[in-house]
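Since the structure comes first, as structure tokens, the remarks are kept for the end.
Computed over heavy atoms, backbone and side chain alike; hydrogens, waters and symmetry mates excluded. Note that ligands are numbered from 1 as they come in the structure, with each ligand's atoms numbered from 1 the same way.
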Amino acid sequence: MNVYKFGGASVKDAAGVKNLANIIRNNQQKELLIVVSAMGKTTNALEKLTFAYLDKTDTEAIFDEIKAYHTAVMNELFEDKQHPVFNDVANTFVEIDWILEEEPQDNADYIYDQIVSIGELISSKIVSAYLSTSGIPTQWIDARSYIHTDNTYREAKVDWDKTCAAIASRVPGIIANGVAVTQGFIGGTSENYTTTLGREGSDYTAAIFASCLDAESVTIWKDVPGVLNADPKWFDETEKIPALSYHDAIELTYYGATVIHPKTIKPLQNKGIPLYVRSFIQPDGVGTKISSQNNPLPIPSFIFKVNQVLISIFPKDYSFIIEENLSDIFNIFHEHKVKINTMLNSAISFSVSVDYDDHKLGKLLNSLRKNYNIKYNKDLELVTIRYYNQQTIDRVTQNKDILLEVKSRYTCQMVMRDKGSEL
Ligand code: ASP
Ligand code: MG
């Protein structure tokens, strides 16, 4: 049994859904569970809708556009305008209408999950209906009855024992009767409220199902030929990495490689399930295989993060950082949910680079300022090189001033800005 995950880009229009069906058709000898994301940029649109509702601004235009987009895709996919999918999708959208009719009262994160999860529910219904209509036996399943989570809305934690018990007991029988189609990104609480697992969480869903089913493999179908050694957004010349160890994949995603969600790898590594990253544009290509095998000739990889803030923290009483202040400082970052991308300490100062977030930064700095003097720089970039050497460092630091540099045996991180941009 194998798990396929199709992201938003792969099902962004009718042609994408047809292409998905071809990929399934060509692999029908396998038992398959497929996990789909919301279509195209639907999650962003539903986020916008949620914030408009919470801010009590106009929601109608945003919602209409979301509905029109899905209707257009369905119109192209289903000749029969009486096909039950039209009703099914309309009824699912009605759940949003019910929310919008009332004044926002509940917790904002809870509301977010109830609205944003609709994207995956709808895309999976459309995909499932299309596969059935194309003659591929298909079973739609509701991920919320399998992925059991706590009620940390927008970032729900999976209850693995409950989840695996549900999946292992019920899903194999379903898959035996046809391709199972489910939603990425969403789960359910013990009170049957919908949760989401964090942005880009569909990869993680695929890994959870695969792990609980002891799948042979997971394949993530993407718009790139595999895992590249840099994001083509930053480099003209990128190289596809044919094979990666789980360990390297975890490191790369942790540092910000967006090709796979960082939580995806660990459950697969624990079960020794290989993960393939392949192109839905060229489904015959071999892609990248992520497994326990180490690549004997590692290819240097580059991860860029822009919009970084470098914060330097000095205890006001000149006490030493490590002994007296580190846990306090970490606590403050934790309280404000600010993730540290890289850090370095000296005797009496501690420097960190974090993503710029207008909303969080001011509050974080205010908390820190109680006991510390703070200096910070904005508009920086953070480059991480895995398997670095001098040549790769030179390649990325041309015309840059380096403000902070941290090296371990295999990984080098640099926080930098364009030369002469300090004003
Ligand atoms: N649709 C969700 C998002 O865009 C989850 C996913 O695509 O993985 O974040
Ligand atoms: Mg994605």
Side-chain angles (χ1 to χ4, degrees), residues 3-13 16-17 19-20 33-51 62-63 65-67 69-70 73 89 92-93 95-96 109 111-128 141-144 146-147 149 152-158 181-188 194-211 218-224 227 231 249 253-254 256-268 275-280 339 355 357:
V3 176
Y4 282 1
K5 183 257 169 174
F6 290 91
S10 68
V11 289
K12 71 175 196 302
D13 49 24
V17 177
N19 182 51
L20 176 154
L33 171 97
I34 75 169
V35 172
V36 295
S37 298
M39 295 182 154
K41 302 263 180 253
T42 300
T43 305
N44 290 349
L46 288 167
E47 258 187 4
K48 211 169 120 193
L49 177 66
T50 307
F51 297 140
I62 307 171
F63 194 23
E65 201 178 315
I66 296 170
K67 286 187 279 194
Y69 164 63
H70 288 88
V73 173
V89 166
T92 310
F93 275 130
E95 296 192 22
I96 296 183
D109 290 344
I111 294 175
Y112 176 102
D113 281 1
Q114 309 319 302
I115 296 181
V116 169
S117 57
I118 300 292
E120 266 70 13
L121 287 167
I122 288 187
S123 65
S124 63
K125 282 171 194 263
I126 296 175
V127 165
S128 172
I141 63 178
D142 190 332
R144 296 171 298 180
Y146 295 93
I147 306 286
T149 72
T152 318
Y153 295 103
R154 292 191 71 172
E155 202 63 59
K157 306 268 164 318
V158 172
V181 178
T182 195
Q183 310 79 41
F185 182 50
I186 70 174
T194 306
T195 53
T196 66
L197 308 176
R199 287 302 307 265
E200 303 298 328
S202 294
D203 295 347
Y204 184 39
T205 304
I208 298 169
F209 273 101
S211 164
V218 175
T219 304
I220 299 184
W221 296 92
K222 304 229 21 143
D223 55 2
V224 284
V227 178
D231 189 326
T253 55
Y254 174 79
T258 53
V259 61
I260 314 160
H261 189 282
K263 284 187 187 164
T264 312
I265 316 288
K266 198 71 202 150
L268 301 180
L275 170 64
Y276 296 91
V277 178
R278 293 173 62 183
S279 159
F280 62 78
K339 182 180 169 250
D355 294 345
D357 177 329

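- A donor-acceptor pair under 3.5 Å links the side-chain atoms of D203 to the main chain of H261, judged by distance alone.
- Nearest to atom 5 (C) of ligand 1 by heavy-atom distance, out of Y204, F6, F185, is F185.
- With a 6.0 Å cutoff to the six-membered ring centre and a 45° limit on the axis angle, K5 does not count as a cation-pi contact of F185.
- Shown in contact with R199 at under 4.0 Å from a heavy atom are these atoms of ligand 1, numbered in order with element: 3 (C), 4 (O), 9 (O).
- Each of the atoms 5 (C), 6 (C), 7 (O), 8 (O) of ligand 1 lies under 4.0 Å from some heavy atom of S202.
- No option in F209, F280, W221 other than W221 meets the ring-ring contact (aromatic ring centres under 6.0 Å, His included) test with Y4.
- Sparse packing is recorded around NZ of K48, with 12 or fewer heavy atoms of other residues, nucleotides or ligands lying under 6.0 Å away.
- Atoms of ligand 1 found under 4.0 Å from any heavy atom of E120, numbered from 1 in the order shown, are 1 (N), 2 (C), 5 (C).
- Per-residue contacts place S37 under 4.0 angstrom from the following atoms of ligand 1 (heavy atoms of the residue considered): 6 (C), 7 (O), 8 (O).
- Ligand 1 has a nitrogen or oxygen under 3.5 angstrom from a nitrogen or oxygen of T43.
- Any N or O atom pair closer than 3.5 Å counts here, and D203 shares no such pair with ligand 1.
- At least one heavy atom of G201 sits closer than 4.0 Å to an atom of ligand 1.
- Of the N and O atoms on the side chains of S117 and T194, not one donor lies less than 3.5 Å from an acceptor on the other residue.
- In this structure, NZ in K222 is found 8.0 Å from CD1 in I260, a value given to the nearest 0.5 Å.
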